[in-house]
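Just so we're clear, the structure is a prediction, and the values are computed from it rather than from any experiment. Chain letters run A, B, ... following the sequence lines, proteins first and then strands; every chain starts at 1. In what follows, every heavy atom counts, from backbone to side chain, and hydrogens, waters and symmetry copies are set aside.
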Amino acid sequence: MLWLVLNPHEIELRPKPVRRHVRSPRLKSRAFHDLETGQIKSLLFFGALNTMSGTPVVTRFAPSPTGFLHIGGARTALFNWLYARHTGGKMLLRIEDTDRARSTDEAVAAILEGLKWLGLDWDGEPVSQFSRTDMHKEAVDALLASGNAYKCYCSREELDAMREKAMAEGKPPRYDGRCRHRAPDDAPEGIAPVIRFRSPEEGETLIDDKVQGEVTFANKDLDDLIILRSDGTPTYNLSVVVDDHDMGVTHIIRGVDHLTNSARQSQIYSALGWDVPVMAHIPLIHGPDGAKLSKRHGALGVEAYREMGYLPQAMRNYLARLSWSHGDDEIFSTQQMIEWFDLPGIGKSAARFDFAKLENLNGHYMRASSDDELLRELERSLPHLPQGPDFLARLTPGKRDALRASMTGLKERAKTLNELVAGAQYLVAERPLALDEKAAGLLGSDARDMLSRLHDALAGIGEWNAETLEEAVRLFAEKNELKLGKVAQPLRAALTGTTTSPGIFDVLTVLGREESLGRISDQSTTN
RNA sequence: GCGCCCUUCGUCUAGUGGUUAGGACACCGCCCUUUCACGGCGGAAACACGGGUUCGAGUCCCGUAGGGCGUACCA
């Protein structure tokens, strides 16, 4: 809850009937329209109740489409989603595209795609804030009519000068209110005015935030903000209030960078005679070096994480643990996350993004996946992975079977899907295999001699399976008075071109007799 | 500059006046072992600093330092 503390003088000055003005026919009809769809009604029946007011919880995620969905936005979306799911409420999606110059359709698509990949769904259709400007303007008119807003004719030059002057005097840079008391008939010629909100000059505005606690702002530090641009389009702080109110948002969960906005919005809510939703301002995510997240420190679009081979469930789990905790629990299913998530579990300090931990979690989820699940996930992801398309092109049905058969051994050696692809390269490689440096180092002339003898020993095997192969290789090692490692490592190098792979008998089995013997032969002295 | 917020191992965090300050990641060592992993066991590692309040402060208060956010006709 937020509320506004007005000084008595301010209240007297203002025309009182704010409530009547805001009930414009349009706003009212919207509300009825919602009721007619039956959505509200069904919510009342089936939705969990917001303990604060007894109404169903409605959260929203409201990104601005000026770029991809970055990691901070993704976590904000996750928290909103989690809270809505936890309470049995709804999460709405609203695209804050009122800045036409900076908003793009590509960004909208990227945000939607990012949310879908993360597995965060929303209720209803995404709402374009820009499409609702008529309604926003009506609220501006209502504010104007009630005396809670006024026209300002100051030029940008004047405003800049104002700011510089205030800075020089060590005061907060703010609008000095010079048009605040201008008489309506005192309009300068030929200047398209902006509309400013008439904010209280004294007293303070208190935000009772579910995460930040009670935060107080002196009203003298909050200047008269522009709510309608000179081109007649509404600005963010006004639009947000109107939309959140109209869309029935009960809980606003967003980054702390909005805290000051919330103070101003709280004043607008009051002037409009509306209740302020429950607020929860969550800490931001910092880069690994503690500085603000930037493109160089992990503020990548979620699609970048997909390209790095992370699993959505790992991302969800990792993101959930940033500034939120449930005791010592570290790894939990999405279902548990929903059960456990609540606002009191959110801390106030910012968290650094740690790729090492994300990777560990990702490895955990890969290992925890069944072989089939992981194979499906990999196939879905291949188009997005750097080596994916090439790998996919080589993945014949037979090799896909081999991949499936090798998954158990492969997945515990990979922390990302990219590592999984790298580890599976030997399955799709063509003879003769290229050897990496370490593998080449393993294949001296002694080893190559040994390989030709081993080739002959294996060629005579009847049934080609892990058991018979292990028996044969161990026997071979014994006869040649070699430790198993002395045989297995060169064999691995010949079979995979690397020094790292799943168990060597599994490799032999999956590759099959012909391919295995061929690869061994390729590296033998006599072939 | 001004306003608001933050500060427990390197990192994410538990902790709500009395704990040997716990867990996880990362790191180090050992075990397992055909490689690499996985797994198991063990280790090192923190209450930013200074004042109060209290019989007793990581926990409450004040200050200092450091950090973050905000300060637009962006959202």
Take the protein atom CG of Leu322(A) and the nucleotide atom P of rC25(B), then report the distance between them rounded to whole Å. 16 Å

Between the side-chain atoms of Asn261(A) and the base atoms of rA75(B), is any donor-acceptor pair under 3.5 Å? yes

Would you say a side-chain N or O of Asn360(A) is under 4.0 Å from OP1 or OP2 of rA26(B)? yes

Within less than 4.0 Å of OP1 or OP2 of rC4(B), is there a side-chain N or O belonging to Thr216(A)? no

State the pairing partner of rG3(B); accept Watson-Crick or G-U wobble contacts with both distances under 3.5 Å, and report none otherwise. rC69(B)

Does Leu284(A) reach a base, just sugar-phosphate, or nothing at all? Heavy atoms under 4.0 Å. sugar-phosphate

Can you say whether a donor on the side chain of Ser64(A) sits under 3.5 Å from an acceptor on the base of rC74(B), or the other way round? no

Does the ring of His258(A) lie flat against the base of rA75(B), closer than 5.5 Å centre to centre with planes under 30°? yes

Take atom C1' in rA21(B) and the same atom in rU13(B), then report the distance between them in whole Å. 13 Å

Atom NE2 of His326(A) and atom P of rG23(B): how far apart are they, to the nearest Å? 19 Å

When the C1' atoms of rU8(B) and rC49(B) are compared, how many Å lie between them, rounded to an integer? 15 Å

Any donor-acceptor N/O pair, Asn362(A) side chain to Leu311(A) backbone, under 3.5 Å: yes

With a 4.0 Å cutoff (strictly under), does any side-chain N or O of Ser323(A) reach OP1 or OP2 of rU13(B)? yes

So that I know where these two stand, are His258(A) and Tyr236(A) an aromatic pair - ring centroids less than 6.0 Å apart? yes

What nucleic acid atoms does Ser103(A) come within less than 4.0 Å of, heavy atoms only: base, sugar-phosphate, or nothing? nothing

Considering only the P atoms, how many Å lie between rU7(B) and rG63(B), rounded to the nearest integer? 16 Å

Would you classify Gly409(A) as touching base, sugar-phosphate or nothing, given that sugar-phosphate means primed atoms plus P, OP1 and OP2, and contacts are heavy atoms under 4.0 Å? nothing

Short side-chain donor-acceptor distance under 3.5 Å, Asp243(A) and His136(A): yes

Polar-atom pairs under 3.5 Å, protein N or O versus N or O of nucleotides 43-46 of chain B: list them with distances, or write none.
none

Of the listed nucleotides rA75(B), rC73(B), rU35(B), the one nearest the side chain of Leu159(A): rC73(B)

Should we count CD of Glu339(A) as having more than 12 external heavy atoms under 6.0 Å? yes

Are any of Arg196(A)'s side-chain N or O atoms less than 4.0 Å away from OP1 or OP2 of rA72(B)? no

I'd like to know if Asp436(A) pairs up with Lys438(A) as an ion pair, taking the criterion as any Lys NZ or Arg NE/NH1/NH2 lying under 4.0 Å from an Asp or Glu carboxylate oxygen. no

Using a cut-off of 4.0 Å on non-hydrogen atoms, how would the nucleic acid contact of Thr499(A) be classed: base, sugar-phosphate, or nothing? base

To check you understand the geometry: which heavy-atom pair defines the closest contact between Val510(A) and Ala402(A), and what is its length? CG1-CB, 3.4 Å

Strictly below 4.0 Å, N to O, side chains only: are Asp160(A) and Arg163(A) in salt-bridge contact? yes

Would you tell me if any nitrogen or oxygen in the side chain of Ser325(A) comes within less than 4.0 Å of OP1 or OP2 on rA14(B)? yes

Close side-chain approach of His364(A) to Asn317(A), heavy-atom, < 4.5 Å: no

If you look at every strand shown and take non-hydrogen atoms under 4.0 Å, does Val215(A) touch a base, only sugar-phosphate, or nothing? sugar-phosphate

Could you check whether Pro63(A) gets within reach of a base, just the sugar-phosphate, or nothing at all, counting any heavy atom under 4.0 Å? nothing

When you compare rG23(B) with rC69(B), how far apart are their P atoms, in angstrom units rounded to a whole number? 33 Å

Within the 4.0 Å heavy-atom criterion, would you say Thr500(A) contacts the bases, only the backbone, or no part of the nucleic acid? base

Between rA72(B) and Arg156(A), is there an OP1 or OP2 to side-chain N/O distance shorter than 4.0 Å? no

Whom does rA57(B) pair with, Watson-Crick or G-U wobble, provided both distances fall under 3.5 Å? none

Expressed in whole Å, how much space separates the C1' atoms belonging to rC28(B) and rG18(B)? 35 Å

Which part of the nucleic acid does His281(A) contact within heavy-atom distance under 4.0 Å: base, sugar-phosphate only, or nothing? nothing

Tell me which one of Arg198(A), Arg196(A), Arg180(A) satisfies side-chain hydrogen bond (donor to acceptor under 3.5 Å, both in side chains) with Asp224(A). Arg180(A)

Look at the side chain of Arg102(A) and decide which nucleotide, out of rU35(B), rA75(B), rA24(B), has an atom nearest to it. rA75(B)

Can you tell me, in whole Å, how much space there is between the P of rA37(B) and that of rU11(B)? 26 Å

To the side chain of His286(A), which of rU34(B), rG68(B), rA37(B) is closest? rG68(B)

Sort out the partner of rC36(B) for me: Watson-Crick or G-U wobble, both distances under 3.5 Å, none otherwise. none

Separation of Leu358(A) atom CG from rU13(B) atom P, in whole Å? 14 Å

Watson-Crick/G-U partner (both atom distances under 3.5 Å) of rC74(B): none

Base, sugar-phosphate, or nothing for Thr233(A), non-hydrogen atoms under 4.0 angstrom? nothing

With a 3.5 Å limit on both atom pairs, tell me what rU19(B) is paired to, counting Watson-Crick and G-U wobble, or say none. none

Would Ser369(A) and Glu377(A) count as having a side-chain donor-acceptor pair, cut-off 3.5 Å? no

Atom CD of Gln336(A): over 12 foreign heavy atoms under 6.0 Å: yes

Ignoring backbone atoms, establish whether Arg321(A) has a side-chain N or O less than 4.0 Å from OP1 or OP2 of rC25(B). no

With P as the reference atom in both, quote the distance from rG40(B) to rA45(B) in angstrom, rounded to an integer. 24 Å

rC25(B): pairing nucleotide in any strand, Watson-Crick or G-U under 3.5 angstrom: rG10(B)

Which atoms form the tightest heavy-atom contact between Arg352(A) and Tyr318(A), and what is the distance? O-OH, 3.8 Å

If pairing requires Watson-Crick or G-U wobble contacts with both distances under 3.5 Å, which nucleotide is the partner of rA48(B)? rU64(B)

Given the P atoms of rU64(B) and rG58(B), what is the spacing between them in whole Å? 22 Å

Can you see whether Phe130(A) has Arg100(A) sitting over its ring - NZ or CZ less than 6.0 Å from the centre and within 45° of the normal? yes

Closest to the Arg413(A) side chain, choosing from rA75(B), rC4(B), rU35(B): rU35(B)

Between Arg367(A) and Ile504(A), which has a closest nucleotide on RNA chain B that is more 5'? Ile504(A)

Listed nucleotide nearest any side-chain atom of Thr235(A), set rC69(B), rU35(B), rA75(B): rA75(B)

By nearest nucleotide on RNA chain B, pick out whichever of Asp221(A) and Glu470(A) is the more 5' one. Asp221(A)

Distance alone, cut at 3.5 Å: any donor-acceptor contact between the side chains of Arg254(A) and Ser262(A)? yes

Quick check for you: among rC12(B), rA75(B), rC73(B), whose closest atom lies nearest to any side-chain atom of Glu330(A)? rC12(B)

Please determine whether any donor N or O and acceptor N or O are separated by less than 3.5 Å between the side chain of Asp257(A) and the base of rG70(B). no

Identify the pairs formed between an N or O of the protein and an N or O of nucleotides 6-11 of chain B at a distance under 3.5 Å, and give each distance.
residue	atom	partner	partner atom	Å
rC6(B)	OP1	Lys348(A)	NZ	2.4

